[in-house]
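Notes to accompany the following structure.
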Protein chains: 2
Amino acid sequence: MELTEAKHKFIEAWGKLGSEWGINRTMAQIHALLLISPNALTTEEIMETLSISRGNANMTLRDLIGWGLIEKQHRAGERKEYFYADKDTWNIARQVAKERRKRELDPVLKVLEEISKVEGDPKDPEFATFYKSVTDINKLAKNVDKTLDTMLKAEESWFWGSIFKIFK
Amino acid sequence: MELTEAKHKFIEAWGKLGSEWGINRTMAQIHALLLISPNALTTEEIMETLSISRGNANMTLRDLIGWGLIEKQHRAGERKEYFYADKDTWNIARQVAKERRKRELDPVLKVLEEISKVEGDPKDPEFATFYKSVTDINKLAKNVDKTLDTMLKAEESWFWGSIFKIFK
DNA sequence: TTAAACTTTCAGTTATTATTGAAAGTTTAA
DNA sequence: TTAAACTTTCAATAATAACTGAAAGTTTAA
């Protein structure tokens, strides 16, 4: 396997994985590109490498900054903006977990909490089944939420160390 | 909050969450509907409740069976097929984790493994950065994989018990 | 100021994904 | 067999999401 080919495959695979998990392909690909790039890149270079338009590149870079995955870099005497990615995988994982929790898990928890308050006759199977499913899911969601919380605060080694104690 | 409204909100929220995580809205909604339904439902009833076409209902129900989330039920003396969902949230979580691992994580692990074999000059920053990022991600992915493995084998109480030991 | 160098915006277009609906297929009972 | 009751398929269509490109906006240096 040759470096250029390997880079391609990595960007492809990352883009595909992203799109399967609700993150748009271009965002995942730009992120992948910056991850394996030793130096910060300009919008121009990114557009060129991934064959995407200026508009797309610009908007996606801004999204990535919003996700806390990349940052702008300014160079003395240059007008251009350079972009680079945090390369620490643990930070990346945490950042993604943090954002998705905020954007997606939190709202659902709120709805679950709200609809858990539904009132009805416990003898009515319609009510009983609804209530049980919703409260069960609510419990699971809270567990996930707490675990994410630990993860967000944790050092990588400590977190995985703890996880691996599970295996004993 | 009244039961009918609460049901609506649950189906809506579940559908939205699904679509944000790469699971199509209808699939999540049918699953939600069956989850809160005390008895098995026919295609007809599902079509009607969610206002979807027969084709869509049929295909999505088949997908859900493929995900191991629902099952068919036959009733003596009846031609119609009834569908019902496993209501155990822990089973649901495991089933989803299992399928997504198989469909999405496994292929990526394979690619990462493959491109980790890339050869090059460790002094070349292009190579060095690529190699480090890819091997780091590979390690993280393997950790996730192992944790999923534990989860798949675990009893709910045991798994969360272990997780919560993390908090001490 | 001006203009070059750069970034941002967004209406219009394209690509992707999901859905419909009607026809074809299957099963069962008489 | 036939036909009613039901399920499956899939080409056509609709809905949604992503992307383009050009124009407008901004910043900087002379």
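Note that the coordinates shown come from a computational prediction; the quantities given were computed from them, not determined experimentally. Every chain is numbered from 1, with letters handed out A, B, ... down the list of sequences.
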message: Tell me whether the side-chain N/O atoms of B:Asn58 come closer than 4.0 Å to OP1 or OP2 in D:dT7.
response: no
Rounded interatomic separation in angstrom, taking [atom1] from [X] and [atom2] from [N]:
X: B:Arg62; N: C:dA18; atom1: CZ; atom2: P; result: 18 Å
X: A:Arg75; N: C:dC6; atom1: CZ; atom2: P; result: 13 Å
X: A:Ile65; N: C:dT8; atom1: CD1; atom2: C1'; result: 13 Å
X: B:Lys72; N: C:dT26; atom1: NZ; atom2: P; result: 14 Å
X: A:Glu20; N: C:dT17; atom1: CD; atom2: C1'; result: 14 Å
X: B:Glu78; N: C:dT27; atom1: CD; atom2: P; result: 18 Å
X: B:His74; N: D:dA5; atom1: NE2; atom2: C1'; result: 14 Å
X: A:Asp63; N: C:dT9; atom1: CG; atom2: P; result: 11 Å

- request: Could you tell me whether B:Lys98 atom NZ has more than 12 heavy atoms of other residues or ligands within 6.0 Å of it?
  value: no
query: Dot-bracket, DNA chain C: Watson-Crick or G-U, under 3.5 angstrom, [ ] crossing, | other strand?
result: ||||||||||||||||||||||||||||||
- prompt: Is A:Met27 close to A:Trp67 at the side-chain level, that is, under 4.5 Å between some pair of heavy atoms?
  reply: yes
Using a strict 4.0 Å threshold on nitrogen-to-oxygen distance, state whether [X] and [Y] make a salt bridge.
X: B:Glu20; Y: A:Arg103; value: no
X: B:Asp106; Y: B:Lys110; value: no
X: B:Lys16; Y: B:Glu12; value: no

- prompt: Do the side chain of B:Lys7 and the main chain of B:Glu2 share a donor and acceptor less than 3.5 angstrom apart?
  reply: no
message: Checking the side chain of B:Lys9 only, and the main-chain atoms of A:Leu112 only, is there a donor and an acceptor separated by less than 3.5 Å?
response: no
- prompt: Heavy atom of residues 22-54 of chain B under 4.0 Å from DNA chain D: which residues?
  reply: B:Arg54
- request: Could you pick out which residue, A:Asn56 or A:Phe83, lies toward the 5' side of DNA chain C when each is mapped onto its nearest nucleotide?
  value: A:Phe83
- request: Hey, which sits more toward the 5' end of DNA chain C by its nearest nucleotide, A:Lys80 or A:Met59?
  value: A:Lys80
field: From B:Leu34, B:Thr60, B:Ile52, B:Ile11, residue fulfilling side chain to side chain contact (heavy atoms under 4.5 Å, CB included) relative to B:Gln29
entry: B:Ile11
task: Give me the one residue out of B:Arg101, B:Arg100, B:Lys102 that meets salt bridge (Lys or Arg N to Asp or Glu O under 4.0 Å) with B:Glu104.
output: B:Arg100
query: Pick the nucleotide of DNA chain D nearest each of A:Thr60 and B:Arg79; which residue has the one closer to the 5' end?
result: B:Arg79
